[in-house]
Amino acid sequence: QEQLVESGGGLVQAGGSLRLSCAASGRTFSSYNMGWFRQAPGKEREFVAAIFWNGGNIRYADSVKGRFTISRDNAKNTVYLQMNTLKPEDTAVYYCAAGWISSTSTRGYNYWGQGTQVTVSS
């Protein structure tokens, strides 16, 4: 079983950058596909980015393409989300997730972190 802990969230001005990290505690991190999702107040949780277990098959939501970059370091059991050119509409709680299939749906993931708040001021 994987335990996931996100970090790196905070308050940033529009146009700024943040890097989120998600550290996994299990011994099988390198076999999981990983995803980042976000949830704004009053809205459903939505897909942001996903990466295959071997670092391939990277996908992004259209709303973040060209601004966000997902990566992973299997030696450190960590997945990252570099967020550049942030916009107020990026404000949300960001969650990382681990699963056996590569998916843009929350249903494709088995384990979730507790989330980290990202707030972008205008």
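Residue numbers start at 1 and run along the sequence shown.
Residues P88 and S122 come closest through the heavy atom pair CG-CB, 3.8 Å. For T106 against W112, the heavy-atom pair with the smallest separation is O-CZ2, 3.7 Å. When every heavy atom of Q114 is checked against every heavy atom of V5, the shortest pair comes out as OE1-CA, 3.7 Å. Residue G8 comes nearest to L18 through the heavy atom pair O-CD2, 3.8 Å, listed as atom of the first residue, atom of the second, then distance.
Considering only heavy atoms from C-beta on, T28 comes within 4.5 Å of E2 through its side chain. Using a 4.5 Å heavy-atom cutoff, the side chains of E89 and T91 are not in contact. Side-chain contact check for T116 versus V93: every heavy-atom pair is 4.5 Å or farther apart. In this structure, V120 and V118 have side chains that are in contact, with non-hydrogen atoms separated by less than 4.5 Å. No side-chain heavy atom of Y95 sits less than 4.5 Å from a side-chain heavy atom of L4.
Pairs passing the side chain to side chain donor-acceptor pair (under 3.5 Å) check and including a residue from residues 66-77, sequence neighbours excluded, read R67-D90, R72-N74. Annotation: salt bridge (charged side-chain N to carboxylate O under 4.0 Å, His left out) contacts involving residues 13-30, sequence neighbours excluded, are absent. Sorted by first and then second residue, the salt bridge (charged side-chain N to carboxylate O under 4.0 Å, His left out) pairs with a member in residues 39-50 read R38-E46; sequence neighbours excluded. For residues 47-61, the set of pairs meeting the side chain to side chain donor-acceptor pair (under 3.5 Å) definition, not counting sequence neighbours, comprises N57-S102, R59-S102.
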Next on the checklist: Evaluate Y109 against Y32 for ring pair (Phe, Tyr, Trp, His ring centres under 6.0 Å), listing each step before the verdict.
Outcome noted: CA-CA 9 Å; Y109 295 88; Y32 284 103; 9.8 Å; no
Next on the checklist: Let's go through S17 and Q82 carefully: what are the C-alpha distance in whole Å and the side-chain angles of both, what is the deciding distance for side chain to side chain contact (heavy atoms under 4.5 Å, CB included) to 0.1 Å, and is it a yes or a no?
Outcome noted: CA-CA 8 Å; S17 298; Q82 177 67 43; 4.0 Å; yes
Checklist entry - Step by step, would you call F68 with V48 a side chain to side chain contact (heavy atoms under 4.5 Å, CB included)? => result CA-CA 9 Å; F68 290 13; V48 175; 3.8 Å; yes
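In this structure F47 satisfies the ring pair (Phe, Tyr, Trp, His ring centres under 6.0 Å) test together with F37, sequence neighbours excluded. In terms of the ring pair (Phe, Tyr, Trp, His ring centres under 6.0 Å) criterion, F29 has no residue partners (sequence neighbours excluded).
Counting only distance, with no hydrogens or angles, the side chain of E6 and the backbone of C96 share a donor-acceptor pair below 3.5 Å. Remark: the backbone N or O of W100 is paired with a side-chain donor or acceptor of N33 at under 3.5 angstrom.
Both Y111 and I70 are assigned to one and the same hydrophobic cluster, defined by single-linkage of ILVMFWY side chains at heavy-atom distances under 4.5 Å. Note: the hydrophobic cluster containing V64 also contains M83 (ILVMFWY, side chain heavy atoms under 4.5 Å, direct or indirect links).
Between the CD1 atom of I51 and the CD1 atom of I58 there is a distance of 4.0 Å, given to the nearest 0.5 Å.
Aromatic rings from Y94 and W36 are positioned such that their centres are separated by 6.0 Å or more.
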